[in-house]
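Structure first, then comments.
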Amino acid sequence: MKIAPSILGCDFARLKEETDSVAGSDYLHVDVMDGMFVPNISIGIPVVESLSRATDIPLDVHLMITKPERYAERFVKAGASILTIHIEATDKAHECLKQIKALGAVPAISIKPGTPAQAAFEYLDEVGMVLVMTVEPGFGGQKLIPECLDKAAVLKEQICRRGLDVMIEADGGITPENIALVRRSGVDMAVVGSAVFNAKDRRSVIEQLRRAD
Ligand code: DX5
Ligand code: ZN
């Protein structure tokens, strides 16, 4: 299981130390919120730029913003390795994914808890990853909604049936207590915010999460 610590759970005044404390993670998950698509505002392009200079961990940037096509290019140029857009946030998802790929990043889509897995099917040929939200996007520290994991299993089955190479990521409420359930649903990469950053020994929590099966 790949693990992507979410910096939404960290102390932003100490971003460099916090990032270093999770060195060796597969990706660093960066939540971008615009106060429109979700009822919260987090961070944006300058922080992604600084982070990409400050760490070797590849950046997994999760755009929770309306009309992501307006900013996709700037986020890739700022250093996103994976750039995820929500299909609920745009009617130009296909064009936007093409653009992300052409710029050299891995294009990815995300679905909120209320969006059926089937809504993602038409994008599977164009993405390198599907992010299944396991909480309502907007805030860290919420409880995982187990029904969302059923959608991960449906997507995994569809990806295998079509012989595609697409990762499934789950995001929200993931802890050492429920990671086995997440893994069994076919999830390849888990985003973990509070369970990592609230822990004293972050690396050992990451190792514990990684070993889930
Ligand atoms: C929520 C964000 C998540 C969040 C996860 O909108 O997309 O990435 O940081 O945090 P935890 O693990 O605390 O639910
Ligand atoms: Zn996220």
Side-chain angles (χ1 to χ4, degrees), residues 1-12 15 18-19 21-22 25-44 47-48 51 57-66 68 71-72 75 80-89 105-115 120 127-149 151-152 167-183 185 187-200 202 205-206 208-210 212:
M1 176 76 110
K2 290 188 167 63
I3 303 297
S6 168
I7 58 164
L8 196 62
C10 84
D11 175 0
F12 280 111
L15 192 49
E18 296 281 67
T19 302
S21 77
V22 296
S25 300
D26 298 283
Y27 284 88
L28 195 65
H29 186 84
V30 182
D31 287 309
V32 177
M33 304 177 183
D34 66 352
M36 295 292 287
F37 182 67
V38 290
N40 199 4
I41 299 177
S42 56
I43 53 165
V47 177
V48 173
L51 267 177
I57 314 174
L59 304 181
D60 166 33
V61 178
H62 177 193
L63 296 184
M64 286 165 274
I65 67 173
T66 301
Y71 293 104
F75 276 101
S81 291
I82 302 177
L83 190 63
T84 302
I85 62 169
H86 269 268
I87 59 173
E88 304 93 347
V106 174
I109 50 161
S110 181
I111 52 172
K112 298 204 284 183
T115 303
V127 296
M129 189 180 85
V130 178
L131 164 50
V132 176
M133 287 305 300
T134 42
V135 298
E136 284 299 337
F139 300 90
Q142 304 181 71
K143 251 180 92 78
L144 178 137
I145 305 167
E147 292 74 34
C148 294
L149 293 174
K151 298 195 294 180
M167 250 197 319
I168 300 196
E169 180 175 59
D171 180 8
I174 299 174
T175 65
E177 287 70 43
N178 60 27
I179 189 81
L181 197 67
V182 174
R183 181 69 197 148
S185 311
V187 171
D188 306 290
M189 174 142 88
V191 175
V192 188
S194 24
V196 164
F197 284 103
N198 290 345
K200 269 214 185 72
R202 292 163 180 179
V205 173
I206 292 168
Q208 188 186 349
L209 291 163
R210 252 191 194 139

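We're numbering straight along the sequence, starting at 1. Keep in mind that the numbers below use all heavy atoms, side chains included, and drop hydrogens, waters and symmetry copies. All ligand and atom numbering here is 1-based and tracks the order in the structure.
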Would you mind reporting whether [Y] and [X] have side-chain heavy atoms less than 4.5 Å apart?
{"X": "Pro137", "Y": "Pro113", "result": "yes"}
{"X": "Cys148", "Y": "Met133", "result": "no"}
{"X": "Val191", "Y": "Ile174", "result": "no"}

Residue pair Val47, Val32: steps toward the side chain to side chain contact (heavy atoms under 4.5 Å, CB included) verdict: CA-CA 10 Å; Val47 177; Val32 177; over 6 Å; no
Sub-4.0 Å heavy-atom environment of ligand 1, residues by chain: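 Ligand 1 pocket, heavy atoms under 4.0 Å: Ser6, Leu8, His29, Asp31, Met33, His62, Met64, Met133, Pro137, Gly138, Phe139, Gly140, Gly141, Asp171, Gly172, Gly173, Val191, Val192, Gly193, Ser194.
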Would the number of heavy atoms belonging to other residues, nucleotides or ligands and lying under 6.0 Å from CZ of Phe197 be above 12?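 Count over threshold, so yes.
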Once you round to the nearest 0.5 Å, how far does CD of Glu18 lie from CD1 of Ile7? 10.0 Å
Count of protein N, O or S atoms below 2.8 Å from the Zn ion (ligand 2) equals 4
Quick one: closest heavy-atom pair of Asp31 and Ser42, and the distance?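 Minimum heavy-atom separation between Asp31 and Ser42: O-OG, 2.7 Å.
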Taking side-chain contact (heavy atoms from CB on, under 4.5 Å) as the criterion, tell me which of His29, Met129, Met1 meets it with Met189. Met129
Test side-chain contact (heavy atoms from CB on, under 4.5 Å) applied to Val30 and Asp60, Leu8, Ile43, the passing residue: Ile43
